[in-house]
Participant: 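Pasting a structure here, questions to come.
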Amino acid sequence: MKVLIIGDVVAKPGRIAVLERIQDLREQYQIDLAIMNAENLAGGFSVTPGLCEQLFSSGIDVMTSGNHIFDKKEAIDYIAKQPRLIRPANYPPNTPGSGYWVGEVNGTRVAVMNLMGRVFMPPSDDPFRIVDGLLASLPDTTIRIVDMHAEATSEKVAMGWYLDGRVSAVVGTHTHVQTADERILPGGTAYLTDIGMTGSYAGVIGMNKADVIARFTSATARRADHATGQVRICAALIDIDESTGKARSIERLNLTHNQ
Ligand SMILES: [Fe+2]
Ligand SMILES: [Fe+2]
């Protein structure tokens, strides 16, 4: 099974790139399941139902998220009704939405899980303990994919080793900077510390550079607008053996998108 996982899609430049390229990418790489991280979809913060539905109908199958998912109020009602959009599983138990999605892809049961780190991140429960419970309680799924949304590389590498042999892939999101450490761990788990951002590289991790510099240099700066131009699509392409759930290969994609 070929799985495409697109890193944090930021604002309009990221959305347009995914909408324009997803069908080509699906065909080119014979993709069976397309996942994207949607936490920054709407102007850089959270999602709107309309934007998500547009992407779902254009070739995205499942959306993961992270610390920005509830920045917009409308995401709260929407996530409760849309099982294909998930949020970190280690949020408090009464949080709307689910921390995982389970579905059938070409006759194989697949689970996509979303975890969030705790180092330099908003408070959340222990993702290591929570994922143990999740794996024990999940219906029988051969293919299991984890989006570890975290800041610290050490915490993500630790999660990769912790889940090696128990899931098909652990890939990181949140930093918006792609790392070059893709590999198959000894137990058969595909690993990449951060997939990288899909959006404008003319700014600071997708946001307007003047706005972000102002935040670092003044006490009065407001929330940043998103950047435009120099758009790239960052993703991980993972080939998984359907019978064992183990990964055969992982490849990083970092594609220029001309707008
Ligand atoms: Fe992000
Ligand atoms: Fe994030």
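Note that ligands are numbered from 1 as they come in the structure, with each ligand's atoms numbered from 1 the same way. Treat the numbers as computed from the prediction; the structure is a model and nothing was measured.
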Participant: Looking at the Fe ion (ligand 1), is one of the N, O or S atoms of His176 less than 2.8 Å from it?
Facilitator: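 Coordinating: yes.
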Participant: Can you check whether Ala42's main-chain N or O pairs, donor with acceptor, with Lys72's side chain at less than 3.5 Å?
Facilitator: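 Here the side-chain-to-backbone pair exists.
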Participant: So, is Asn40 placed with an N/O/S atom under 2.8 Å from the Fe ion (ligand 1), counting both backbone and side chain?
Facilitator: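 Checking the Fe ion (ligand 1) against Asn40, an N, O or S atom does fall under 2.8 Å.
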Participant: Within less than 2.8 Å of the Fe ion (ligand 2), any N, O or S from Asn67?
Facilitator: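 Here the distance criterion (N, O or S atom, under 2.8 Å) is met by Asn67, so yes.
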Participant: In sequence, state the C-alpha distance, the side-chain angles, and the governing distance for Asn254 and Gln178, and then conclude on side chain to side chain donor-acceptor pair (under 3.5 Å).
Facilitator: CA-CA 8 Å; Asn254 191 325; Gln178 188 176 71; 3.2 Å; yes
Participant: As a test of reading the structure, name the N/O/S atom of Glu39 that is nearest the Fe ion (ligand 2).
Facilitator: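 So the atom name we want here is OE2.
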Participant: With no hydrogens and no angle check, is any side-chain donor or acceptor of Lys156 less than 3.5 Å from a backbone partner on Thr173?
Facilitator: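 Yes: the side chain of Lys156 pairs with the backbone of Thr173.
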Participant: Of all N, O or S atoms in His174, identify the one at the shortest distance from the Fe ion (ligand 2).
Facilitator: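 His174's closest N, O or S atom to the Fe ion (ligand 2) is named ND1.
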Participant: Can any side-chain N or O of Asn40 pair as donor or acceptor with the backbone N or O of Phe45 at less than 3.5 Å?
Facilitator: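 Flag not set: sc Asn40 to bb Phe45 has no pair under 3.5 Å.
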Participant: Determine which of the N, O or S atoms in Asp8 is closest to the Fe ion (ligand 1) and give its atom name.
Facilitator: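 Nearest N/O/S atom: OD2.
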Participant: Using 2.8 Å as a strict upper limit, say whether an N, O or S atom of His149 approaches the Fe ion (ligand 2) that closely.
Facilitator: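 Here the distance criterion (N, O or S atom, under 2.8 Å) is met by His149, so yes.
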Participant: Working to the nearest 0.5 angstrom, can you tell me the gap between Ile69 CD1 and Ile79 CD1?
Facilitator: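 Taking CD1 in Ile69 and CD1 in Ile79, the distance rounds to 4.5 Å.
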Participant: Checking side-chain polar atoms at under 3.5 Å, does Asp181 have a donor or acceptor matched by the opposite partner on Tyr191?
Facilitator: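 Side chains of Asp181 and Tyr191: no pair found under 3.5 Å.
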